[in-house]
Novice: 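One structure, pasted below without further comment.
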Amino acid sequence: MTNGFPEGFTWGAATASYQVEGAVSEDGRGPSIWDTFAHTPGRIADGTNGDVADDHYHLFAEDIRLLADLGLKAYRFSIAWPRIVPTGSGAANAPGLAFYRRLAETCLEYGVTPYATLYHWDLPQALEDAGGWLVRDTAERFRDYAAITHGELSDVIKHWMTLNEPWCSAFLGYGNGEHAPGRTEGADALKAVHHLLLGHGLTLDAIRAEGGTYGIALNPAPIHAASDSAADRDAARRVDGLRNRMFLEPLLSGAYPADVLADTGMTEWFGAQEGDLPLIAAPLDFIGVNYYCPTTVAAPDGPISTPGPSTQPGSENVVAVDTGLPRTQMGWPIEPRGLRDILVTINKLAPELPLYVTENGSAYPDVLTAEGTVEDDERLDYLQQHVAVCRDLVSEGFPLKGYFAWTLIDNFEWSWGHSRRFGIVYVDYTTQARIVKKSGQWLKDFLS
Ligand code: IFM
């Protein structure tokens, strides 16, 4: 045991391709929906984009050395579909595959285990032009790309995740339009949920092999009702349905939640897709949980004043409520107990299934001092409190197998651009210098 964790517990840090790599036009990479979105005026808060980001495409070896130096033994990164299959379908792009081979081999040289995510939101633009995740064909193209990638790299990468946070892809991408491709399609966002999960199921069926482990990274969250009133409890049921049950139930029980389909008027459409459910519900080796915060919701009386595109089709009158908890720079309330609650919820649905915290972290407005340090005490507190939750669970015999900090290095935070920093390592975007923050140093001391 080290600090209350068993020797086999996996400690890692995570990143995602578009957020760190840059080099968007190099070695045959095609455009993704995030290239298009980030270059559309008004979409990104600070007007930046991922063209250069952390230049991880060129600096990955330095970043992996840094990760290893922090005492971390696992690196969760994502593979950019448009580097492997630039227009989303057709032949593989050899330089793209070669890049991820170099990346994985560098991990192994440093004693770091690679954990690859096949889809962290960078859909090839050509597939979006053909309908994106609202059409079934995208799921099949995803399976083809995943099979190429796994076929080439499964000798060096043993741990695979199909999708990262399909809730975001569906409801931010096709619901309120906050993320690429920026579409506002109401309840049709649920079709995106289904095609994403179908892509997951088709992929598992195509790539699962001896000696590997295969899972998915979700972002479930505890949903609290603001009061005990029937309206607020119903609001919590609806949001829990869209955020959690719409993913966990098909994956773990082979059925979509009937109440969510009724709330959104999608019962008939989903009825026609039932044949896909056995694929979606194929056994998983693990679930990855990306946890940041809970949500508290209420359903005020009367019509809301600002109706508009929503992440909650069918429940647009439901609002998030401030319960007075301290918040990060994202405005997300801090509730470490929520990590326990959501892991326990999943464990009840699948008692033996190994779980990982595949992301956990916080954004704060970091300042680089004249001495060249970053004293990120608030992030350090957040990290310590969530690690403590993991330690308690593990000591109770709970099947939690690892913890990945989000994120290794500050990076492009989607529609917030570079205005939000989540790293345990600071990045000076003008020089690409990496500076370990106090939180990163604490983790290093904790692990040594
Ligand atoms: O930066 C993101 C990551 O890409 C997915 N999970 C949440 C993080 C913080 O918003």
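Heads up: numbering here begins at 1 and tracks the sequence. In what follows, every heavy atom counts, from backbone to side chain, and hydrogens, waters and symmetry copies are set aside. None of these values were measured; they are calculated from a predicted model.
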Novice: Only counting residues at least two apart or in another chain, list the ones meeting side-chain contact (heavy atoms from CB on, under 4.5 Å) with Ala104.
Specialist: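 If we apply the side-chain contact (heavy atoms from CB on, under 4.5 Å) test to Ala104, skipping adjacent residues, the hits are Pro114, Val156, Ile157.
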Novice: Could you work out, with side-chain contact (heavy atoms from CB on, under 4.5 Å) as the rule, every residue matching Ser415, not counting sequence neighbours?
Specialist: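 By the side-chain contact (heavy atoms from CB on, under 4.5 Å) rule, Ser415 matches Glu178, His179.
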Novice: List in chain and number order the residues that pass salt bridge (charged side-chain N to carboxylate O under 4.0 Å, His left out) with Arg243, two or more places apart in sequence or in another chain; answer none if no residue qualifies.
Specialist: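 Scan of Arg243 (salt bridge (charged side-chain N to carboxylate O under 4.0 Å, His left out), adjacent residues dropped) gives none.
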Novice: Could you work out, with side-chain contact (heavy atoms from CB on, under 4.5 Å) as the rule, every residue matching Ala388, not counting sequence neighbours?
Specialist: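 Per chain and number, Ala388 pairs via side-chain contact (heavy atoms from CB on, under 4.5 Å) with Arg391.
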Novice: Output, in order, the C-alpha distance, side-chain angles, deciding distance and verdict of salt bridge (charged side-chain N to carboxylate O under 4.0 Å, His left out) for Arg183 and Asp188.
Specialist: CA-CA 10 Å; Arg183 291 171 64 179; Asp188 270 3; over 6 Å; no
Novice: I'd like a table of donor-acceptor pairs (distance under 3.5 Å, sequence neighbours excluded) in which one partner is a side-chain atom from residues 67-75, with atom names and distances.
Specialist:
{"unit_1": "Asp69", "atom_1": "OD2", "unit_2": "Lys444", "atom_2": "NZ", "d": "3.2"}
{"unit_1": "Tyr75", "atom_1": "OH", "unit_2": "Thr15", "atom_2": "OG1", "d": "2.7"}
{"unit_1": "Tyr75", "atom_1": "OH", "unit_2": "His56", "atom_2": "NE2", "d": "2.8"}

Novice: Run the salt bridge (charged side-chain N to carboxylate O under 4.0 Å, His left out) test against Asp137 and tell me which residues pass, sequence neighbours left out.
Specialist: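 Applying salt bridge (charged side-chain N to carboxylate O under 4.0 Å, His left out) to Asp137 gives Arg141.
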Novice: side-chain contact (heavy atoms from CB on, under 4.5 Å) with Pro6: which residues, sequence neighbours excluded?
Specialist: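 Applying side-chain contact (heavy atoms from CB on, under 4.5 Å) to Pro6 gives Met1, Phe9, Val394.
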Novice: Verify the distance criterion only: is there a donor paired with an acceptor across the side chains of Thr407 and Asn411 at less than 3.5 Å?
Specialist: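 Yes, Asn411 and Thr407 have a side-chain donor paired with an acceptor closer than 3.5 Å.
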Novice: Just jot down the salt bridge (charged side-chain N to carboxylate O under 4.0 Å, His left out) partners of Glu413, sequence neighbours excluded, or say none.
Specialist: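 Counting only residues at least two positions away or on another chain, Glu413 forms no salt bridge (charged side-chain N to carboxylate O under 4.0 Å, His left out).
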Novice: With sequence neighbours excluded, tell me which residues meet side-chain hydrogen bond (donor to acceptor under 3.5 Å, both in side chains) with Ser17.
Specialist: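 For Ser17 the side-chain hydrogen bond (donor to acceptor under 3.5 Å, both in side chains) partners, ignoring immediate neighbours, are Ser78, Asp122.
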Novice: Got a sec, which residues hit salt bridge (charged side-chain N to carboxylate O under 4.0 Å, His left out) with Glu105, two or more places apart in sequence or on another chain?
Specialist: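 Applying salt bridge (charged side-chain N to carboxylate O under 4.0 Å, His left out) to Glu105 gives Arg101.
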Novice: Among side-chain atoms of Gln432 and Asp428, is any donor-acceptor pair under 3.5 angstrom?
Specialist: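 Side chains of Gln432 and Asp428: no pair found under 3.5 Å.
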Novice: His418: which residues meet the ring pair (Phe, Tyr, Trp, His ring centres under 6.0 Å) condition with it, sequence neighbours left out?
Specialist: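 Partners of His418 under the ring pair (Phe, Tyr, Trp, His ring centres under 6.0 Å) test: Phe412, Tyr429.
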Novice: Which pairs, with at least one residue in residues 82-99 and sequence neighbours excluded, count as a side-chain hydrogen bond (donor to acceptor under 3.5 Å, both in side chains)?
Specialist: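 Matches after skipping sequence neighbours: Glu21-Arg83.
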Novice: Closer than 4.0 angstrom, basic N to acidic O: yes or no for Arg434 and Asp63?
Specialist: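 A salt bridge links Arg434 with Asp63.
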